[in-house]
S.K.: 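Structure provided below as structure tokens; questions to follow.
We're numbering straight along the sequence, starting at 1.
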Amino acid sequence: MPLKVANDDPDRARRFREAALPHLDDLYTLARYLLRDATDAEDAVQECYLRALKHFDGYRGPAMKPWLFAILRNVCRAEYARRASSPTDTIDDVPDSAEQTPLWHEAQETPEAQVLRQKDASAIRRLVEALAEPFRETFVLREIHNLSYREIADVAAVPVGTVMSRLARARAMLRTAWLAEQEHPQ
């Protein structure tokens, strides 16, 4: 990350890289769910890391990941505000070519099983993306990034009870949407 900082300190940069870069993929995944666009997600993550580096000396928290998620959330909210004032339409569909290939490969599966698995994964991704923003955000932070309720509450700046409520409602909405889709396949 070639960035010229006023107090250029190689040890500070090394500590930041060691603490923050392991979370790059998780931040991108959250940004992708929040912004629903690969290019905007990349820009948001880059802005998040720039802000985090700028304020790294003031960071005193125990866990880097929730702190980075909170910064990313603020960056994404700013992007939402920019989009709201912009006359352009948003892209709601994530192209299949943008999906990440898993780093592991399971035993050979039948072509039929592959098609069904891909169809289910696509449907789940689409259903999660269709959730209202607060529910989608909470669901992704908990189920994909495995943050605790307390960490999610800190990231979203809401009480833990609100996190629990949003998560329960998101799960219920997903369950209902999944069952409806299974009854009436497209």
S.K.: Nearest 0.5 Å, please: how far is CZ in Arg51 from CD1 in Ile71?
M.R.: 8.5 Å

S.K.: For the residue pair Leu127 and Ala177, what are the closest heavy atoms and their distance?
M.R.: CD2-CB, 3.7 Å

S.K.: Going from CZ on Arg77 to CG on Asn74, what distance comes out if it is rounded to the nearest 0.5 angstrom?
M.R.: 8.0 Å

S.K.: Once you round to the nearest 0.5 Å, how far does CG of Leu35 lie from CD of Glu42?
M.R.: 11.5 Å

S.K.: Enumerate donor-acceptor pairs with a distance under 3.5 Å from any side-chain N or O in residues 138-147 to protein atoms, sequence neighbours excluded.
M.R.:
residue	atom	partner	partner atom	Å
Thr138	OG1	Pro134	O	2.8
Arg142	NH1	Leu147	O	2.8
Glu143	OE2	Arg171	NE	3.1
Glu143	OE2	Arg171	NH2	2.2
His145	NE2	Asp26	O	3.1

S.K.: Taking the side chain as C-beta and beyond, is there a heavy-atom pair between Leu21 and Tyr49 under 4.5 Å?
M.R.: yes

S.K.: What I want to find out is whether Arg73 reaches Glu137 closely enough, with some N-O distance under 4.0 Å, to be called a salt bridge.
M.R.: yes

S.K.: Would you call the rings of Phe56 and Phe16 parallel, tilted or perpendicular, taking 30° and 60° as the class edges?
M.R.: perpendicular

S.K.: Under 3.5 Å, which donor-acceptor pairs link side chains of residues 150-158 to any protein atom two or more places apart or in another chain?
M.R.:
residue	atom	partner	partner atom	Å
Arg150	NH1	Asp154	OD1	3.4
Glu151	OE1	Ser148	N	2.9
Glu151	OE1	Ser148	OG	3.4

S.K.: Evaluate the side-chain proximity of Trp178 to Asp120: yes if any heavy-atom separation is below 4.5 Å, no if none is.
M.R.: yes

S.K.: If you count the non-hydrogen atoms of other residues, nucleotides and ligands that lie under 6.0 Å from CE in Met164, is the total more than 12?
M.R.: no

S.K.: Atom CG of Asp43 and atom SG of Cys48: how far apart are they, to the nearest 0.5 Å?
M.R.: 12.5 Å

S.K.: Nearest 0.5 Å, what's the SG-CZ distance between Cys76 and Arg32?
M.R.: 12.5 Å

S.K.: Does the pair Glu133/Arg166 count as a salt bridge with the N-to-O cut at 4.0 Å?
M.R.: no

S.K.: Closer than 3.5 angstrom, by distance alone: can the side chain of Tyr33 be matched with the main-chain N or O of Val128 as a donor-acceptor pair?
M.R.: no

S.K.: Any idea which heavy atoms bring Ala41 and Tyr28 closest together, and the distance?
M.R.: CB-CE1, 3.7 Å

S.K.: Measuring from atom CZ of Arg12 to atom CZ of Arg17, what distance do you get when rounded to the nearest 0.5 angstrom?
M.R.: 11.5 Å

S.K.: Any idea which heavy atoms bring Asp37 and Asp40 closest together, and the distance?
M.R.: OD2-N, 2.9 Å

S.K.: Would you confirm whether Thr176, through its side chain, and Ala172, through its main-chain N or O, come within 3.5 Å as a donor-acceptor pair?
M.R.: yes

S.K.: With side chains defined as the heavy atoms from C-beta onward, is the minimum distance between Arg36 and Arg136 less than 4.5 Å?
M.R.: yes

S.K.: Would you call Arg125 and Glu129 a salt bridge, taking side-chain N to carboxylate O under 4.0 Å as the test?
M.R.: no

S.K.: Give a yes or no on whether the backbone of Gln118 and the side-chain of Ser122 come within a donor-acceptor separation of less than 3.5 Å.
M.R.: no

